[in-house]
Amino acid sequence: MERHLPSELLDEARDGLVELGRSAGSAQAQKWGAQANENPPKLRTHDRYGHRVDEVEFHPAWHRLLGHAVSAGLTDAWDRPGGHVRRAAGFLVWTQAEAGHGCPLSMTHAAVPALRTDPAAAAGWEPLLASHVYDEGLRPATEKAGVLLGMGMTEKQGGTDVRSNTTRAEPLAGEGEYLLTGHKWFCSAPMSDGFLVLAQAPGGLTCFLLPRVLPDGTRNAFAIQRLKDKLGNRSNASAEVEFDGTWARRVGEEGRGVRTIIEMVAATRLDCVIGSAALMRQAVAQAVHHATYRSAFGGVLVDKPLMRNVLADLALESEAATVLAMRLAAAYDAGTASEAAFLRIAVPAAKYWVTKRCTPLVGEALECLGGNGYVEESGMPRLLREAPLNSIWEGSGNVQALDVLRALQREPLALNAFLSEVGKARGADHRLDRAIKDLLTELADLQGIEARARRVVERMALVLQGSLLVRWATPEVADAFCASRLGGDWGSAFGTLPHSLDLAAVVERARPVEC
């Protein structure tokens with residue numbers, strides 16, 4: 001945060017982040033996280049009289065987590081000075097307490113660019129999205145102090161291929177008003193006050209704002225058929241929903257639904273990166289803390305050379321993910337054409353690589369606790385169940401890799417911006433310089449580029465992380481990262497760093513602060 005915020009904002013932002021960190025690490029917040037996951041949401045389709053209500057009930061701990069997050073400004077970024085960096089830092093810190101409630105926070109924050117394509121809709125909804133007041137319960141948005149927004153894009157016959165959506169949108173007499181009929185296979189956070197959804201209007205696939213409660217106080221036609229039984233993310237509700245004459249307002253032009261909603265998707269992809277960095281950091285903190293106090297074979301584990309190698313390797317991965325996530329947030333704050341071009345490649349590349357690295361890292365960190373890590377009370381199994389999620393949501397690995405290829409082929413300014421960023425560290429480390437040269441050779445060869453997409457995007461992400469660490473991390477961290485990730489002196493599992501590196505300094509840097 002200190003690298004990216006102007007000095008006049010730094011003291012206030014730092015004080016707020018320190019306080020949020022204390023709260024996230026408190027016994028109370030940790031208890032809320034456990035309770036929210038041990039008591040997952042329940043669907044209540046009808047009231048006692050048989051009337052359809054389609055409500056999702058959550059444990060009180062969920063509301064406390066969400067309320068604390070909203071009050072900390074984790075849905076407010078777009079118009080605050082340094083807002084994206086401040087929010088990203090807060091999101092990374094707070095969601096270490098519990099990751100599931102990050103979903104509605106992310107979508108509420110990310111909906112703003114799409115809504116701004118309709119100034120009237122933005123004027124009514126945006127102040128409520130950015131509110132620091134968590135106002136639970138279903139009422140008209142105009143009667144609330146703050147609202148949450150969800151999203152419904154995918155359908156069972158198409159999944160990621162949203163252009164194959166079959167939900168229909170029939171125009172009404174009122175300007176921009178439609179009735180929707182169809183379904184959504186994944187509707188995230190169905191307890192939200194409204195949703196951005198895609199449907200086929202007469203002019204093609206279009207984006208719509210769908211409120212749960214209409215201005216007159218009646219419930220919109222929004223039938224929740226069931227909640228998903230997910231591997232992880234148990235505290236958060238994901239639903240299958242049906243629309244039958246459901247009122248919605250068009251956002252953006254007819255036929256330009258993907259273009260309208262794509263900025264929301266990009267912002268939620270960045271939150272996938274931040275969320276994975278948060279999971280990594282929590283896992284590393286748990287592993288280092290355990291190894292610091294666990295004695296075995298005549299000494300504490302953290303002093304054992306092989307365990308130190310494992311912990312240092314995990315710490316490198318975590319710091320590289322964090323520094324990349326914060327750099328992307330800073331690009332949003334800059335708001336320039338060159339930074340927008342940089343984001344066009346850097347976001348899907350980072351989303352591909354950081355989220356892919358999360359699961360093996362958490363699994364290795366769990367192993368550092370031995371059998372204790374495999375037991376629910378440690379909290380590590382919940383982290384491991386959560387870890388694959390961000391790699392799947394908002395487009396899985398192949399989708400991200402192909403998105404980078406599209407940007408490379410169609411937007412030369414994006415590649416120029418990316419190369420300009422990594423080039424800022426040119427000459428600082430010979431392994432980074434060689435990796436940049438090898439990447440340029442890889443990009444110049446278009447033969448079989450789609451089959452090589454994952455390889456190319458992986459190298460892009462690693463080169464970008466290396467460039468950032470060479471410029472901003474300690475020499476020990478930068479040296480270890482370049483030697484292993486870029487120089488090739490690394491095995492196929494964590495804990496295979498060159499033994500000649502200053503691994504103790506890397507581990508010490510990752511040690512959690514004890515309050």
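- Considering only heavy atoms from C-beta on, Leu115 stays 4.5 Å or farther from Val112 through its side chain.
- Taking the six-membered ring for Trp, His63 and His68 have ring centres at least 6.0 Å apart.
- Side chain of Gln225 to main chain of Glu242: no donor-acceptor pair is present (N/O by atom type, distance under 3.5 Å, no hydrogens or angles).
- Inspection of the Thr166 and Glu155 side chains reveals an N or O donor paired with an N or O acceptor under 3.5 Å.
- Once rounded to the nearest 0.5 Å, the distance linking CG of Leu66 with CD of Glu136 reads 9.0 Å.
- Between the Gln200 side chain and the Asn165 main chain, a donor and an acceptor come within less than 3.5 Å of each other.
- One distance of note links CG of Leu413 with CZ of Phe418; it measures 15.5 Å at 0.5 Å rounding.
- With Thr117 contributing its side chain and Ala114 its backbone, the two residues share a donor-acceptor pair below 3.5 Å.
- Remark: Asn390 CG to Lys356 NZ distance equals 11.5 Å, nearest 0.5 Å.
- At a threshold of 4.5 Å between non-hydrogen side-chain atoms, the residues Met191 and Pro104 count as touching.
- Taking each heavy atom of Phe342 and Leu328 in turn, the nearest pair found is CE2-CD2, 3.9 Å.
- Counting non-hydrogen atoms of neighbouring residues, nucleotides and ligands closer than 6.0 angstrom, the CD atom of Glu450 reaches no more than 12 such neighbours.
- Annotation: the span from His59 atom NE2 to Asn39 atom CG amounts to 4.5 Å, rounded to 0.5 Å.
- Remark: Ala120 pairs with Asp118, Arg249 by the side-chain contact (heavy atoms from CB on, under 4.5 Å) rule, at least two apart or across chains.
- Pairing each heavy atom of Asp135 with each of Ala145, the nearest pair is OD2-N, 3.0 Å.
- Within the 4.5 Å cutoff, the side chain of Thr246 has no heavy atoms near those of the Thr181 side chain.
- Taking every heavy atom of both residues into account, Ala130 and Asp76 meet most closely at O-CB, 3.5 Å.
- Tyr178 and Phe208 have perpendicular rings, their planes meeting at more than 60° on a 0 to 90° scale where under 30° would count as parallel.
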Apply salt bridge (charged side-chain N to carboxylate O under 4.0 Å, His left out) to the pair Arg281 and Glu319, showing each step before the final yes or no.
-> CA-CA 8 Å; Arg281 174 55 195 163; Glu319 183 162 351; over 6 Å; no
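- Lys228 forms a cation-pi arrangement with Trp185, by the criterion of a distance under 6.0 Å to the ring centre and an angle within 45° of the ring axis.
- Leu279 is not listed as a side-chain neighbour of Thr95, based on a closest heavy-atom distance of 4.5 Å or more.
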Val197 and Leu180: CA distance, side-chain angles, deciding distance, side chain to side chain contact (heavy atoms under 4.5 Å, CB included) verdict = CA-CA 10 Å; Val197 302; Leu180 308 187; 3.7 Å; yes
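- Side-chain atoms of Arg87 come within 3.5 Å of backbone N or O of Leu74 as a donor-acceptor pair.
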Show your working on side chain to side chain donor-acceptor pair (under 3.5 Å) between Asn233 and Glu386 and close with a plain yes or no.
-> CA-CA 6 Å; Asn233 202 247; Glu386 195 76 26; 2.8 Å; yes
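- Looking only at atom types and distance, the side chain of Asp54 has no donor-acceptor partner in the side chain of Thr45 under 3.5 Å away.
- The aromatic rings of His84 and His109 sit perpendicular, their planes meeting at an angle over 60°, well past the 30° parallel limit.
- Atom CZ of Arg259 sits in a sparse spot, with 12 or fewer heavy atoms from other residues, nucleotides or ligands closer than 6.0 Å.
- More than 12 heavy-atom neighbours from other residues, nucleotides or ligands sit within 6.0 angstrom of CG on Asn416.
- Note on ring orientation: taking the six-membered ring where Trp is involved, the planes of His101 and Trp94 are perpendicular (angle over 60°, cut-offs 30° and 60°).
- Counting all heavy atoms, side chain and backbone alike, Pro211 lies closest to Trp125 at CB-CZ2, 4.2 Å.
- Side-chain contact between Val18 and Arg22 is present, with at least one heavy-atom pair separated by less than 4.5 Å.
- In this structure a side-chain-to-backbone donor-acceptor pair under 3.5 Å is missing from Thr355 to Trp353.
- Ring geometry for Tyr49 versus His51: interplanar angle of 30 to 60°, hence tilted.
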Name the atoms and distances for all side-chain donor-acceptor pairs under 3.5 Å in residues 6-14, with sequence neighbours left out.
from	atom 1	to	atom 2	distance (Å)
Asp11	OD1	Arg14	NH1	3.1
Glu12	OE2	Arg86	NH2	3.2
Arg14	NE	Glu2	OE2	3.2
Arg14	NH2	Glu2	OE2	3.2

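- A donor-acceptor pair is defined here as one N or O able to donate and one able to accept, closer than 3.5 Å; no such pair exists between the side chain of Ser131 and the backbone of Leu128.
- Between Tyr374 and Leu369, every side-chain heavy-atom pair lies at or beyond the 4.5 Å cut-off.
- We find that Arg212 and Glu55 are not joined by a salt bridge, their nearest charged nitrogen and carboxylate oxygen being 4.0 Å or further apart.
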Tell me, with the steps shown, if Val241 and Phe222 meet side chain to side chain contact (heavy atoms under 4.5 Å, CB included).
-> CA-CA 7 Å; Val241 301; Phe222 186 91; 3.8 Å; yes
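- In this structure, Pro388 and Thr359 have side chains that are in contact, with non-hydrogen atoms separated by less than 4.5 Å.
- A salt bridge links Arg269 to Asp403: one of the charged nitrogens lies within less than 4.0 Å of a carboxylate oxygen.
- Ion pairing between Glu339 and Arg344 fails under the 4.0 Å rule for side-chain N and carboxylate O.
- Lys351 places a side-chain N or O within donor-acceptor distance of the main-chain N or O of Gly395, the cut-off being under 3.5 Å.
- Side-chain polar atoms of Arg454 and Asn398 form a donor-acceptor pair below 3.5 angstrom.
- In this structure, CE on Met280 lies 10.5 Å from CG on Leu92, to the nearest 0.5 angstrom.
- Using a 4.0 Å cut-off between charged side-chain N and carboxylate O, Arg116 and Glu126 make a salt bridge.
- Around atom CZ of Arg44, more than 12 heavy atoms belonging to other residues, nucleotides or ligands sit under 6.0 Å away.
- Just one of Thr154, Leu210, Thr167 meets the side chain to side chain contact (heavy atoms under 4.5 Å, CB included) condition when paired with Lys184; it is Thr167.
- For the 3.5 Å distance criterion, the side chains of Trp32 and Glu98 fail to qualify, holding no donor opposite an acceptor.
- One side chain, Asp271 or Ser106, offers a donor N or O that lies under 3.5 Å from an acceptor on the other.
- Side-chain atoms of Glu177 and Arg250, non-hydrogen and from C-beta on, never get closer than 4.5 Å to each other.
- Asp193 places no side-chain N or O within donor-acceptor distance of the main-chain N or O of Leu138, the cut-off being under 3.5 Å.
- With hydrogens and angles disregarded, a donor-acceptor distance shorter than 3.5 Å links the side chain of Thr108 to the backbone of Leu149.
- A donor-acceptor pair is defined here as one N or O able to donate and one able to accept, closer than 3.5 Å; no such pair exists between the side chain of Arg382 and the backbone of Glu376.
- Distance check, rounded to the nearest 0.5 Å: CD of Glu394 to OG1 of Thr268 gives 3.5 Å.
- The two residues Ala329 and Ala88 come nearest to each other via the heavy atoms CB-CB, 3.6 Å.
- Closest approach of Leu196 to Ala111, counting heavy atoms only: CD1-CB, 4.0 Å.
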